[in-house]
Each structure stands twice: as structure tokens, then as C-alpha cells.
There are 2 protein chains.
Amino acid sequence: MKKIITISREFGAGGREIGQQLAEKLGYEYFDKNLIIKAARKANLSLEDVKDLDEKTSTGFLKGLFDFYAKPLNEKLFAAQKEVIRNIGEHGNCVIVGRNANAILREYDDSLHVFIHADPYWRLQRLKAEDLSGMSEAKIAKQIAAVDRSRAKYCSYFTDTEFGVSRFYDVSLSTSSLGIDRCAEIILSMTK
Amino acid sequence: MKKIITISREFGAGGREIGQQLAEKLGYEYFDKNLIIKAARKANLSLEDVKDLDEKTSTGFLKGLFDFYAKPLNEKLFAAQKEVIRNIGEHGNCVIVGRNANAILREYDDSLHVFIHADPYWRLQRLKAEDLSGMSEAKIAKQIAAVDRSRAKYCSYFTDTEFGVSRFYDVSLSTSSLGIDRCAEIILSMTK
């Protein structure tokens, strides 16, 4: 029985939904933004700083004032997150979405590391349907590309793994090919 | 119901076994080396030449005499293989292992594109157990790395996809994490 499930995901691919479904069905604790908050407390950063820095590496994304502080702050944040993720992993019975938890908990027994991806156009349509602000398709498409790039960069910068490369996960699934619920079922069956 | 299953795989990860299991359970035709033979006939190459060139790009791997002919020969072979793979795809009810069939048949309906990978040490132990020639572990490890590199190169050279990058497959599975039979079962359930 798998005690730790990590889910890495492309933006808009449904990784969060799958994580929530799994946590509910397995009776596990679910972690994502909460991690950041806990990590921030540990590192004594204000919540505001942490939100801005979340999953961004220190170069290229943070303009103006933040540029100056970005690097040391970000590494401090990553170190704090890492400790939080390890603590969660030690307790087990958890689903962790994002934060490179697959790399951090890779050596832990009874873990299952999942990558969720989907066709960009499928993600665009999904995000558009969810968006209440009436953002244009072009803008959403740009955002998808930017978040993916940022996650890939964050992953390479802080770990010795690469975002979305199969060998760093036990299983990678396309939600646009298989559907979100079907992916959740498949992963659930793998935990047993 | 999926009519076309393509399996790309790391060397020694069990992709062939999974492909054979699937073909048997689904009553589909199984293709791998046969493809090359058919492709060779189309391209009017001798079987001997084809064996030597199989899944190698034209630079770096073929020494001596072959170097001179490698590039045009190899591209001719790839074009012929592509045509054969398309014909097989048109007929459907097939499992195709290797040969970048995922990239060639990517636009086909009712297809499932699979990548099979495994921890290098696990593959080493597996290949060692199968090897009757008493090859040293060091030599097998070197061979694993060389074949993987060659496949990655072949993939980038001839297609606009990358070997082992999740987004080019519907599903990627680790046989060292999940076991060969379990992976075959999971894929079988996805074909329905």
C-alpha cells in the first residue's frame, strides 16, 4: 500500500482535482498551498512574500524591487518547504501536489510519484470554462505557457530532476487522452 | 476501444514483453523487428544493412565504411519504415514496439501511446539474468546507456518529439516500480 503520493502537473491539466479525489478516496491528508504557508512560518517570511515567490526561480520572473531579494529568499523558502515536505512524508498517508515533492521524497518507501499532463488546447478550453473574468483565449494560452515554463525552471533550479521527463515519475498520464476521473481511478488502483 | 497501441521503451525495461502480452490478450498483431524487414524490402536494402542501421542515427555510431553511406541510407530506411507503420496503423488492431511509432501515428484516432521505463540498476539485473554469455555488469551497464542514448538520438533526429518526455505519450510507466505484468494490466485497462 502506497503511503505517499506526489503529483506534479502541468498548469490546467487537472492535477489538483486528481489529488483531491485520491486524498478523499484513500482517507489521506491533502497538501498544496498549505505547504507554502507552513514553510513560510518556518522560514519566518511574511505570507505576502511567499505568495509572490511561489514556484518561481529567482531569475527572469521577478521584476523591480523583488529582483534584488529574490534569490536568497527563494532558496530559503525552498529549504523550508523541503523540510515541511519531509515531515509530511515521514507521517505518510498524504497526497502532495506540486513543490517538487517527487524529487524531495524520491527515496521514501511506499511512495508513488505521478506526473499529470494534457494537450495545451484542452487545458485552454478547461481554464476558459472555469474563468469568470472573461480573459481572452490568447491571454490564457500565454499564461499556460508561462506557468509551465516557470514550473520547469523551478524544478531544474532546485532539484536534479527535470519537469515532465518520464523517468523521474512512476507514472505519467495525459488527462486530455484519458480524462481526469479515469486518471484518478488508474492512480488509485496503483496505490494498492 | 483503442485500435493502435504503440510502445516506446528504454532498453531492458520490458517494453517488448508488455507489447507481446497486450497483443495476445487483445488478439492484435504484434510488430517490432518485422517492421524493419518489411521496411527494408520496400527500400530495397539488404537485410544485413538494415540490421546494422537499426535505430541508430547516421552520425557517431557507424564507424569505418558505413560512415560514408550511413546518412542517406538511414533516412531512406526511416522513410520506408514510416510508410510501413502508417499502413499497419490504417489496418488497426496492432501493437507496435519501438520505431518512433508514437510520433508517426500521433494523429490517428483510437491510438494509445505508451512509454516504458525503469531504474537502470533494475534493468541491469534483469539483462544480466537473461544473458547467457557471462557479460560483466560493467559491460551491460555500458550497453544500457549506449542503447538508450542511441534511441534518444534516433527519436530527436527523425521526429519532432523527444524520447521519454511525458507529453509525447498518453501514459508512461515504470516497470521497476510497478512490475511488468502490472504495467501490462494497467495498459490493457486503458484500451477499453
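In what follows, chains are A, B, ... by sequence order, proteins preceding strands, each numbered from 1.
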Are there residues of residues 101-123 of chain B that reach to under 4.5 Å of chain A by heavy atoms, and which ones?
B:L112, B:F115, B:H117
Quick check: is B:L188 connected to B:Y169 through a chain of hydrophobic side chains (ILVMFWY, heavy atoms under 4.5 Å apart)?
no
May I ask you to test the A:S166-B:R167 pair for a side-chain heavy-atom distance under 4.5 Å?
no
Rounded distance (nearest 0.5 Å) linking atom CD1 of A:I186 with atom CE of B:M190:
3.5 Å
So for A:S189, is it side chain, backbone, both, or neither that comes closer than 4.5 Å to the heavy atoms of chain B?
both
What residue, out of A:V165, A:V171, A:D170, A:L173, has the most heavy-atom pairs lying under 4.5 Å from chain B?
A:D170
For residues 21-30 of chain B against chain A, heavy atoms under 4.5 Å, the residues are none
Does atom NZ (B:K82) have a neighbourhood of more than 12 heavy atoms from anything else shown, all under 6.0 Å?
no
If hydrophobic clusters are built by linking Ile, Leu, Val, Met, Phe, Trp and Tyr wherever their side-chain heavy atoms come under 4.5 Å apart, do B:F163 and A:F163 end up in the same one?
yes
Does one hydrophobic cluster hold both A:F168 and A:Y154, with members joined at side-chain heavy-atom distances below 4.5 Å?
no
